[in-house]
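Here the structure comes first, spelled out in structure tokens, and everything after it is commentary.
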Amino acid sequence: MAEFDVRGRRGLPGIDYPERFLHALTDELSAAYQGIFAAETIERYVLESYAALLRTSVVKAHLVARVTRFAKDRLRALAEAKGAIPQDRPSVLFVCVQNAGRSQMASAIAAERSEGGLVVRSAGSMPAASLNPAVVSAMAEVGLDLTAEFPKPLTDDVVRAADVVVTMGCGDACPIYPGKHYEDWQLTDPEHATPDDVRRIRDEIIDHVDRMLEQLGVAPA
């Protein structure tokens, strides 16, 4: 079991007793990844995930669920990259600047149209505090619910786990690793776009995703 040094941490905002939550999450993940990761590695991932999301968190009531999701996904990505978890599906990472619009739309569309045929993740080089409401609305129009999603910072583990990395206006923020396929999709940033423009961007992403699925040999739904 990881030993937490909670001195000086009782002032951590966002959760009434953050050290209790962080300790419990570390214990849960240590049991799940016993024999794969050391407890110290899991503790570090939990603390890093908490600190990363705390910086951009606006609604503190969501912080526990989001940190739990983020830490679990990062550790799964790390296990996939190490080969500790067998992966029989292509893994795609979508990256934009804020992870509040384009990459979130692409991730949801790819997950839906591949019908589970892909492992899909998204991240941002400079994540925003929340998703663009116009993006959430445009996606709801095509039956995709993004209300539970949140911007996530780009981390090395999710890049290492990906077979395909799709960038969207984030420049050279994404590290380059050999053996991966990189694409850059030229898409307008929906941050200040009109609702009609957001719909157009969404439809462009659907076209891009369908072409990518064809290249990967995954039949789009």
Side-chain angles (χ1 to χ4, degrees), residues 52 56 70 73-74 77 81 89-221:
T56 57
F70 187 44
D73 192 53
R74 290 186 62 201
R89 298 171 293 164
S91 177
V92 181
L93 172 66
F94 297 98
V95 185
C96 67
V97 178
Q98 295 187 324
N99 193 218
R102 291 165 292 184
S103 57
Q104 290 280 358
M105 285 194 284
S107 177
I109 290 166
E112 191 265 344
R113 294 181 77 78
S114 70
E115 295 187 320
L118 294 178
V119 175
V120 179
R121 295 184 174 94
S122 70
S125 56
M126 296 178 63
S130 60
L131 267 61
N132 183 334
V135 165
V136 176
S137 178
M139 294 295 282
E141 292 175 357
V142 294
L144 295 176
D145 184 5
L146 295 187
T147 55
E149 299 304 321
F150 57 95
K152 300 170 287 297
L154 179 63
T155 56
D156 185 74
D157 35 74
V158 295
V159 181
R160 288 183 178 275
D163 300 305
V164 178
V165 179
V166 177
T167 57
M168 306 171 183
C170 56
D172 59 356
C174 193
I176 304 298
Y177 292 109
K180 302 187 183 302
H181 177 69
Y182 289 83
E183 294 185 15
D184 185 61
W185 293 357
Q186 299 296 317
L187 298 164
T188 303
D189 189 341
E191 184 176 7
H192 302 297
T194 66
D196 283 342
D197 285 337
V198 173
R199 294 184 185 101
R200 177 182 54 78
I201 296 166
R202 177 201 64 200
D203 293 344
E204 288 181 14
I205 291 173
I206 291 174
D207 291 340
H208 277 290
V209 166
D210 283 349
R211 284 194 293 270
M212 182 188 68
L213 292 177
E214 184 178 357
Q215 293 168 357
L216 293 172
V218 178

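Position 1 is the first residue of the sequence, and the numbers go up from there. For clarity, every value in this text was computed on a predicted model and none was experimentally measured.
- Between Asp163 and Lys180, no side-chain nitrogen of the basic residue sits less than 4.0 Å from a carboxylate oxygen of the acidic one, so the salt-bridge criterion is not met.
- Within 6.0 Å of CD on Gln215 lie more than 12 heavy atoms contributed by other residues, nucleotides or ligands.
- Within the model, atoms CZ of Arg121 and CZ of Phe94 stand 12.5 Å from one another, a figure rounded to the nearest 0.5 Å.
- Rounded to the nearest 0.5 Å, atoms OH (Tyr182) and CD1 (Ile176) are 4.5 Å apart.
- The heavy-atom pair separating Ala110 from Val209 by the smallest distance is CA-CG1, 3.8 Å.
- Formation of a donor-acceptor pair under 3.5 Å by the Gln186 side chain with backbone atoms of Gly169 is not found in this model.
- Here the side chain of Ser137 pairs no donor or acceptor atom with the backbone of Pro133 at under 3.5 angstrom.
- In this structure, the separation between CG on Asp197 and CG on Asp189 is 11.5 Å, given to the nearest 0.5 Å.
- A 4.5 Å side-chain heavy-atom check between Val166 and Met168 finds at least one atom pair inside the cut-off.
- Within the model, atoms CD of Glu112 and OG of Ser107 stand 12.0 Å from one another, a figure rounded to the nearest 0.5 Å.
- Residues Leu213 and Ser114 come closest through the heavy atom pair CD2-CB, 3.9 Å.
- Using a 4.5 Å cut-off on side-chain heavy atoms (C-beta onward), Met105 and Ile206 make no contact.
- In this structure the side chain of Val92 never reaches within 4.5 angstrom of the side chain of Val119, judged on heavy atoms.
- Within the 4.5 Å cutoff, the side chain of Arg200 has heavy atoms near those of the Thr188 side chain.
- Smallest separation of non-hydrogen atoms from Phe150 and Gln104: O-NE2, 3.1 Å.
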Before giving the answer on side-chain hydrogen bond (donor to acceptor under 3.5 Å, both in side chains), spell out for Thr194 and Asp196 the whole-Å C-alpha distance, their side-chain angles and the decisive distance to 0.1 Å.
CA-CA 5 Å; Thr194 66; Asp196 283 342; 5.5 Å; no
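- Taking each heavy atom of Gly117 and Pro90 in turn, the nearest pair found is O-CD, 3.5 Å.
- Of the possible donor and acceptor atoms, none in the side chain of Arg74 sits under 3.5 Å from a partner among the backbone N and O of Thr155.
- Across all non-hydrogen atoms, the minimal contact from Ala52 to Pro153 is CB-CG, 3.8 Å.
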Would Arg113 and Asp210 count as a side-chain contact (heavy atoms from CB on, under 4.5 Å) here? Give the steps.
CA-CA 8 Å; Arg113 294 181 77 78; Asp210 283 349; 2.7 Å; yes
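- Contact of the Leu131 side chain with the Pro151 side chain is registered, since non-hydrogen atoms from C-beta on lie closer than 4.5 Å.
- In terms of heavy-atom proximity, Ala138 sits nearest to Val198 at CB-CG1, 3.6 Å.
- The side-chain heavy atoms of Pro127 and Gln98, taken from C-beta on, include no pair separated by under 4.5 Å.
- Ser103 is not listed as a side-chain neighbour of Val95, based on a closest heavy-atom distance of 4.5 Å or more.
- Residues satisfying the salt bridge (Lys or Arg N to Asp or Glu O under 4.0 Å) criterion with Glu141, sequence neighbours excluded, are Arg199, Arg202.
- Residues Leu154 and Val159 meet the side-chain proximity criterion, which asks for heavy atoms closer than 4.5 Å.
- The distance from atom CG of Asn99 to atom CD of Glu149, rounded to the nearest 0.5 Å, is 9.0 Å.
- Side-chain atoms of Asp157 do not come within 3.5 Å of backbone N or O of Ala77 as any donor-acceptor pair.
- Checking each of Leu118, Asp207, Val218 against Met212 for a side-chain contact (heavy atoms from CB on, under 4.5 Å) leaves exactly one that passes, namely Leu118.
- In this structure, OG1 in Thr147 is found 11.5 Å from CE in Met139, a value given to the nearest 0.5 Å.
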